Amino acid sequence: MRSKLLTVAIAAGLGLTSFSALAATQKSQQPARVTVDAATLQQLQAQLAALQSQVADLQAKQEAQADAQIETAKAVNDVQVTAAKPADELAKKLDALNKLVDNTKIGGTMFFDVTNQDHDEKIGNGRSIQKDGHGSVNGTGFDVKRFYLTVDHKFNDIWSANLTTDFSYQSSLSSTSLFVKKAYVQGKFDQLFTVRFGASDMPWIPFVEKWYGYRYVENTITDRSFESGRSGGTATAGGVGAFGNSSDWGIHAMGATTGDNSVNYQVSVVNGRGYRNLSRSKSVDTEARLGYSPIEQMVIAIGGYSGKRGNDVEAGAPTRTATRGDALLAWRDKTWGVGAEYFHTENWDDILKYQGTGAGTGVATGTTKDKADGYSLWADWKFYDQFAVFARYDKVDYKYDNLVNVEEKIKDKYYNAGVSYDVLKNLKLALVYKHNKLDGPFATPYHYKTNEVGFWGMLTF
């Protein structure tokens with residue numbers, strides 16, 4: 001198009017030049033007639049053809065240059081796109097890593113102590129003898145009672161997962177252990193309905209620990225084992241352990257509201273042997289809790305447990321059902337903490353029915369059974385900045401039938417008192433004195449007494 005316009009312009013220019021020359025001639029030499037011979041016309045046509053050729057060459061060069069510019073721009077764009085791909089991929093990877101870091105929390109809790117322990121034992125009317133035994137070792141030692149390492153990951157607003165390991169070391173026993181305490185997938189569908197699949201906190205013990213506040217000093221009463229426990233011919237002769245589990249494998253449903261007039265609950269259907277023993281049996285156990293807070297600083301809660309504790313196995317001995325009832329009344333604000341816990345159990349240890357046979361003295365005339373009642377009272381007062389004083393008293397009455405159906409009794413009394421200091425927001429230390437006394441059955445009396453003093457601490461991160 002541009003070449004045609006240029007050609008027309010040139011032709012017009014030549015025409016005007018010829019017209020001007022003709023006009024000038026007409027003025028000077030009128031009335032003579034000007035004519036253009038064939039040679040001149042041919043010469044003009046040749047010049048016009050040459051100009052058209054030059055215009056065509058110029059147009060071709062311009063089009064070639066435009067095509068080259070297009071190809072160059074395309075090549076540059078391809079290079080930029082190619083160069084940007086690794087950067088985009090890296091950006092995507094960094095974004096995914098940021099999401100993983102933002103949605104994953106790693107933390108830990110350590111209970112440790114440095115204490116001196118004095119343990120005495122007396123049989124019948126004999127004198128007390130200082131000796132090691134029944135869970136106590138005389139002397140001074142450093143212990144890491146618990147070290148929990150936790151990884152918590154949030155997939156989205158509903159689903160998350162948790163892994164918590166449980167490590168402990170006791171220098172007096174040269175014992176080290178490592179377990180998985182929690183390993184669950186959680187779906188939080190509403191503040192009143194969250195479900196967990198796997199090993200998770202049980203309804204009662206962890207709940208009481210939060211209101212008690214001094215778990216690093218001592219377990220709560222249902223989680224504290226007897227120093228010695230039963231002895232003699234019973235279905236499960238030996239020590240009396242805790243009256244509950246803090247974590248177990250199963251399905252856990254829970255929910256809670258907050259503030260005044262709030263409620264909370266949890267129901268767990270579990271294996272029954274605790275987080276340290278992932279086993280199978282013919283039935284499952286159930287533990288539940290229901291709590292109410294008329295004001296935010298106060299709670300009233302009840303709970304219960306029922307099941308075979310994992311003992312109902314194929315081709316096993318006949319079993320009873322172990323039961324436990326719980327109650328809690330507690331108060332905690334920024335200055336004061338006060339609480340009272342009560343529990344009652346039946347057949348907690350004697351789940352397996354003893355099948356006594358054979359002649360001789362002491363032959364069983366029936367099966368054995370046990371029951372226990374216990375209560376715990378505690379209080380603490382934050383009297384100055386990071387300092388607080390605290391005390392606690394526990395009492396447990398444990399009864400069981402021996403193999404001749406005579407009821408035996410064990411009484412356990414425990415108390416502690418101390419001063420705590422919050423060194424940092426995540427580091428607590430406490431100077432504590434503990435006393436524990438256990439009196440055995442009247443028929444074959446034994447008395448165990450333990451005094452312990454030292455520092456207990458808790459580190460969180």
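Please read all numbers here as calculations on a predicted model, not as lab measurements. Residues: numbered from 1 along the sequence shown.
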Any pair counted as salt bridge (Lys or Arg N to Asp or Glu O under 4.0 Å), so long as it reaches residues 199-216, sequence neighbours left out:
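Sorted result for residues 199-216: Lys182-Asp201, Glu209-Arg215.
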Taking the six-membered ring of Phe111 as reference, does the NZ or CZ atom of Arg146 fall below 6.0 Å from its centre and within a 45° cone about the axis?
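Checked: cation-pi criterion not met.
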Could you check whether Arg289 makes a cation-pi contact with Tyr265, meaning its NZ or CZ is under 6.0 Å from the centre of the six-membered ring and within 45° of the ring axis?
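Here Arg289 fails the 6.0 Å and 45° test against Tyr265.
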Could you work out, with ring pair (Phe, Tyr, Trp, His ring centres under 6.0 Å) as the rule, every residue matching [X], not counting sequence neighbours?
X	value
Phe193	Phe189
Phe155	His153
Tyr421	Phe387

Of all heavy-atom pairs between [X] and [Y], which one has the smallest distance, and what is that distance?
X	Y	result
Asn347	Ala322	O-CB, 3.3 Å
Ala301	Phe207	CB-CE2, 3.8 Å
Ala183	Leu163	CB-CD1, 4.1 Å

Judged by modelled atom types alone, do [X] and [Y] share a side-chain donor-acceptor pair under 3.5 Å?
X	Y	answer
Asp412	Tyr414	no
His119	Glu121	yes
Tyr342	Asp373	yes
Arg273	Asn311	yes

When you measure from the side chain of Arg324 to the backbone of Phe243, do you find a donor-acceptor pair of N or O atoms at a distance under 3.5 Å?
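Pair found, side chain donor or acceptor close to backbone of Phe243.
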For Glu296 and Gly259, indicate whether the former's side chain and the latter's backbone hold a donor-acceptor pair under 3.5 Å.
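Checked: no pair found.
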On the 0 to 90° scale, with breaks at 30° and 60°, tag the Trp348-Tyr305 ring pair as parallel, tilted or perpendicular.
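Ring orientation, 0 to 90° scale: perpendicular.
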Can you tell me how the ring of Phe147 sits relative to the ring of Phe167, calling it parallel under 30°, perpendicular over 60° and tilted otherwise?
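It falls in the perpendicular class, over 60°.
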Residues which pass side chain to side chain contact (heavy atoms under 4.5 Å, CB included) with [X], listed by chain and number, not counting sequence neighbours:
X	answer
Asp248	Met202, Asn245, Val270, Asn271
Thr194	Gln186, Lys188, Met254
Asp113	Thr115, Asp143, Lys145, Trp456
Asn77	Gln80, Val81

side-chain hydrogen bond (donor to acceptor under 3.5 Å, both in side chains) against Asn156, all qualifying residues, sequence neighbours excluded
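In terms of side-chain hydrogen bond (donor to acceptor under 3.5 Å, both in side chains), with neighbours along the sequence ignored, Asn156 is linked to no residue.
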I'd like to check Glu346 versus His344 (side-chain heavy atoms, cut-off strictly below 4.5 Å). Are they in contact?
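The answer is yes; the side chains approach within 4.5 Å.
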Check the pair Phe179, Thr165 against side chain to side chain contact (heavy atoms under 4.5 Å, CB included), reporting the backbone distance first and the verdict last.
CA-CA 6 Å; Phe179 298 92; Thr165 60; over 6 Å; no
Count the heavy atoms of every other residue, nucleotide or ligand shown that sit under 6.0 Å from [atom1] of [X], and state whether that count exceeds 12.
X	atom1	result
Lys122	NZ	yes
Phe461	CZ	yes
Lys428	NZ	no

Per-pair distances, 0.1 Å, donor-acceptor, side chain in residues 333-341, under 3.5 Å, sequence neighbours excluded:
residue	atom	partner	partner atom	Å
Asp333	OD1	Thr335	N	2.8
Asp333	OD1	Trp336	N	2.5
Asp333	OD2	Trp331	NE1	3.0
Glu341	OE2	Trp204	NE1	2.9

Tell me whether [X] is salt-bridged to [Y], with the criterion being a basic N under 4.0 Å from an acidic carboxylate O.
X	Y	answer
Arg332	Asp380	yes
Lys369	Asp350	no
Glu408	Lys399	no

Only pairs under 3.5 Å count here: list side-chain donor-acceptor contacts from residues 390-397, not counting sequence neighbours, and write none if there are none.
residue	atom	partner	partner atom	Å
Arg392	NE	Asp394	OD1	3.0
Arg392	NE	Asp394	OD2	3.2
Arg392	NH1	Tyr212	OH	3.3
Arg392	NH1	Asn219	O	2.8
Arg392	NH2	Asn219	O	2.7
Arg392	NH2	Asp394	OD2	2.6
Asp394	OD1	Ser376	OG	2.6

Reported NZ-to-CG distance for the pair Lys154 and Asn162, which is rounded to 0.5 angstrom:
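Between Lys154 NZ and Asn162 CG, I get 14.5 Å after rounding to 0.5 Å.
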First locate atom NZ of Lys105, then atom OG1 of Thr150, and finally report the distance between them rounded to the nearest 0.5 Å.
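Going from NZ on Lys105 over to OG1 on Thr150, the span is 12.0 Å.
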Residues in salt bridge (Lys or Arg N to Asp or Glu O under 4.0 Å) with Asp190, at least two apart?
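If we apply the salt bridge (Lys or Arg N to Asp or Glu O under 4.0 Å) test to Asp190, skipping adjacent residues, there are no hits.
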